[in-house]
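Worksheet: one structure, shown below.
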Amino acid sequence: MIESMIDLLTRVVLIMEDGGSGKVVVLVDMDCFYVQVEKRLHPELKDKPCAIVQYNKWQGGSIIAVDYEARKYGVKRSLKGKEAKEKCPGIHLVQVPEKRRKADLSNYRKASGEVMKVLSGFTSVIERASIDEAFLDLTEPVKDYINSNSFDSLEFHADLKSTHVAGCNDDDDTHKDDCDLRISRGDWFKSSCSSDERVLIVAAILVQRIRETILNEVGFTCSAGISHNKMLAKLAAGMHKPNQQTILPQSQVDVVFSTTLLKKVRHLGGKLGEQVQDKLKIECVGQLQEYSLKVLQEKFGLKTGSWLYELCRGICHEKISNRIITKSIGCGKNFPGPSKLKTAKAVKYWLEQLSRELVERLEEDMTENTRQAQSITVHFLPEGQASSVARTFALPSYNTSLIVNNSWNAINKGHKPVTNEESHLTWTTGILNIHLSAGKFVQCGKGHMKSLLQLMSSDQECSFVSASSSHSSIITGKEVTQMTLCKEEREDAVLTTTPTITEQDQSLETSSMNITKFFTPIKRKGSLETQLDRNAKRREVVLEEIKGTLESDDDTIIDNQFEAVLCSECGEEVLKFVLEEHMDYHFALSLDKDSQIN
DNA sequence: CTTTCTGACGCT
DNA sequence: TAGCGTCAG
């Protein structure tokens with residue numbers, strides 16, 4: 001009973017020509033994006049078969065992008081450079097830039113940002129779906145366009161040669177003519193087109209302009225799918241590439257789906273798609289229509305079942321989020337087989353490299369997007385384990401050593417060494433992958449926070465502030481004096497890059513909060529002895545030194561000196577009285593780092 | 001002896 | 001929520 005009612009309701013919705021969404025959704029997909037970025041950089045490569053490889057020592061590196069010329073020879077992603085050369089001897093293999101001995105994709109991220117910026121000029125609703133794809137909601141722009149243009153004078157003569165309508169077989173000249181005719185004839189708009197198709201044709205005109213603008217302003221071609229929801233737009237975009245666009249009207253859904261393989265549909269390219277295929281013994285999306293909602297839900301669960309039920313009818317409710325910047329920033333590296341990390345030293349080295357890249361990118365992100373990540377997750381894959389382990393920790397400031405140490409602690413915890421002797425620290429099983437990811441972004445305060453946080457987050461300038469002898473007093477009650485000093489120092493530094501003095505003047509309270517954050521007092525609940533357990537040996541030595549140095553045996557002074565703070569540089573507990581020395585160490589380290597060539 | 005390196009999101 | 005799993009390119 002309920003089942004048949006739902007079926008009935010769904011059929012009612014389907015009477016509406018656009019599947020009920022009432023929206024115009026476009027997917028813009030850059031053509032072999034990394035290749036285009038490299039060709040823009042090296043124009044001599046234009047018109048030559050080309051692929052992008054990461055690394056090249058082993059088998060000529062891994063291919064991560066292939067242009068359409070090289071695809072003709074069977075070159076594809078995931079082949080090795082060597083294999084590509086065999087299939088296409090004339091291919092040009094461009095290596096991804098390397099920094100700190102790892103692949104550096106920042107060129108492509110920057111180019112992606114250029115594209116997103118252009119897209120922002122056309123509609124306010126854009127979802128960055130990946131580095132080279134974005135969904136656009138063109139519903140409003142299309143309405144505006146229709147309202148501000150008479151249909152008769154509409155750009156029917158607009159060059160829509162690169163526009164296709166899904167369901168028309170381009171290899172079949174008759175059908176192709178039909179499609180082109182409908183688009184190019186002036187009267188089609190009034191008579192021979194459903195309202196659904198009209199808005200999509202108008203959208204196609206806009207998308208044509210968008211694509212031209214991308215080409216003119218940033219020099220990249222792209223393909224696009226034009227439909228009523230994300231699923232259809234994505235499917236359509238893949239139908240004609242490169243440098244073309246495809247309309248997929250609701251009226252063509254059944255025709256198209258009757259031959260569209262399940263795995264070609266978004267979210268069905270993996271295990272679920274295979275399950276559906278196996279359980280129902282079907283190959284194409286359209287065949288799903290033969291199953292009732294009830295059956296689909298019994299076989300695949302309530303949510304997935306109803307999702308499939310609607311999906312095969314061209315309906316998809318996935319929301320378009322309005323976001324053109326990422327929610328997380330991460331970097332990682334594989335250490336396969338022979339290169340697996342077997343020593344603490346090796347792990348620490350790579351944590352250092354990854355952390356440095358991450359901090360560099362986080363700082364750029366803060367400048368561009370006035371936001372700050374609040375947490376880091378470290379993923380690592382121990383040899384022999386099926387899946388990687390993830391551990392998350394707080395990120396109070398953008399600081400390489402803090403990330404390295406917290407990550408190291410996380411890895412070391414679940415991964416015991418064979419021997420305790422540091423220099424011979426060796427694991428029975430190696431580490432095959434490490435990944436660092438920063439997330440939980442919060443917006444920086446209005447205006448003044450930005451420059452302040454920029455200053456505070458910089459490794460070098462951070463050392464400049466905290467390497468002074470004033471830091472421990474922040475905890476002991478000299479905040480005002482010390483903060484004033486810090487503030488003056490900051491202004492000296494900030495003014496060289498930030499001319500707005502007024503913003504700095506507002507920042508006393510804020511800066512107090514942030515600088516205090518640098519050294520977080522550790523909550524104590526146990527005795528002195530229990531507090532010493534972690535670094536007992538080192539601290540016992542320290543204790544003897546203090547007792548020898550101090551004239552009195554006043555325990556309170558000693559206790560006070562044993563109050564610890566969390567060093568913002570390395571995340572470790574540091575006793576107050578060695579804090580100065582400790583920060584000098586970091587300062588020296590930062591100078592040393594700066595003198596190194598990356 | 002090896003698809004790399006990303007990123008989003010769902011499930012529990 | 002944190003951590004794991006899936007999907008995509």
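Within every chain, numbering begins at 1; the chains are lettered A, B, ... in the order of the sequence lines, protein sequences first and strands thereafter.
Looking at A:Glu114 and A:Arg40, a side-chain N of the basic residue comes within less than 4.0 Å of a carboxylate O on the acidic one, giving a salt bridge. The pair A:Asp365-A:Arg371 counts as a salt bridge, with a side-chain nitrogen and a carboxylate oxygen less than 4.0 angstrom apart. A:Arg323 and A:Glu127 are not joined by a salt bridge, as no carboxylate oxygen comes within less than 4.0 angstrom of a charged side-chain nitrogen.
Atom CG in A:Asn433 sits roughly 9 Å away from atom C1' in B:dC5 (whole-Å rounding).
At the phosphate of C:dG9, OP1 or OP2 sits under 4.0 Å from a side-chain N or O atom of A:Lys234. Between A:Arg361 and B:dG7, a side-chain N or O to OP1/OP2 separation shorter than 4.0 Å is present. Close to C:dG3, at under 4.0 Å from its OP1 or OP2, lies a side-chain N or O of A:Thr392. Between A:Lys102 and the phosphate of B:dC5, there is no side-chain N or O to OP1/OP2 separation shorter than 4.0 Å. For the pair A:Arg128 and B:dG7, the criterion of a side-chain N or O lying under 4.0 Å from OP1 or OP2 is not met. Residue A:Ser130 places none of its side-chain N or O atoms closer than 4.0 Å to OP1 or OP2 of C:dA8.
Taking the nucleotide of DNA chain B with the nearest heavy atom to each of A:Asn334 and A:Lys303, the more 5' of the two is matched to A:Asn334. Of the two residues contacting DNA chain B, namely A:Ser328 and A:Ala103, the nearest-nucleotide position lying further toward the 5' end is that of A:Ala103.
Within the nucleic acid shown, A:Tyr55 comes within 4.0 Å of sugar-phosphate atoms alone, with no base atom in reach, counting heavy atoms only. Within the 4.0 angstrom heavy-atom criterion, only backbone atoms of the sugar-phosphate kind lie near A:Lys440; the bases stay farther away. Using a 4.0 Å heavy-atom distance criterion, A:Leu268 is classed as a sugar-phosphate-only contact. The residue A:Ser339 sits apart from the nucleic acid: no heavy atom pair falls under 4.0 Å. Looking at heavy-atom distances under 4.0 Å, A:Val96 makes no contact with the nucleic acid at all. Counting non-hydrogen atoms under 4.0 angstrom, A:Leu272 reaches the backbone sugars and phosphates but no base. A:Lys319 comes within contact range of no nucleotide atom at all, as no heavy-atom separation falls under 4.0 Å.
Remark: the backbone N or O of A:Gly60 is not paired with any side-chain donor or acceptor of A:Tyr55 at under 3.5 angstrom. In terms of modelled atom types and a separation under 3.5 Å, the side chain of A:Asp29 and the main chain of A:Gly238 share no donor-acceptor contact.
For A:Thr326, the side-chain atoms get nearest to B:dA8 when compared with the rest of B:dA8, B:dT2, C:dC4. Nearest to the side chain of A:Leu105, among B:dC5, B:dA8, B:dT2, sits B:dC5. For A:Lys271, the listed nucleotide lying nearest its side chain is C:dC7; candidates were B:dT6, C:dC7, C:dG3. Side-chain proximity of A:Arg109 to B:dT4, B:dG7, C:dC4: nearest is B:dG7. For A:His435, the listed nucleotide lying nearest its side chain is B:dT6; candidates were C:dG9, B:dT2, B:dT6.
Rounded to whole Å, the C1' atom of B:dC9 lies 15 Å from the corresponding atom of C:dT1. Across the C1' atoms, C:dA8 and B:dT3 are found 14 Å apart, a figure rounded to whole Å.
A:Phe33 and A:Tyr108 have their aromatic ring centers separated by at least 6.0 angstrom.
Under the stacking definition used here (centres under 5.5 Å, planes under 30°), the residue A:Trp58 qualifies as stacked on the base of B:dT2.
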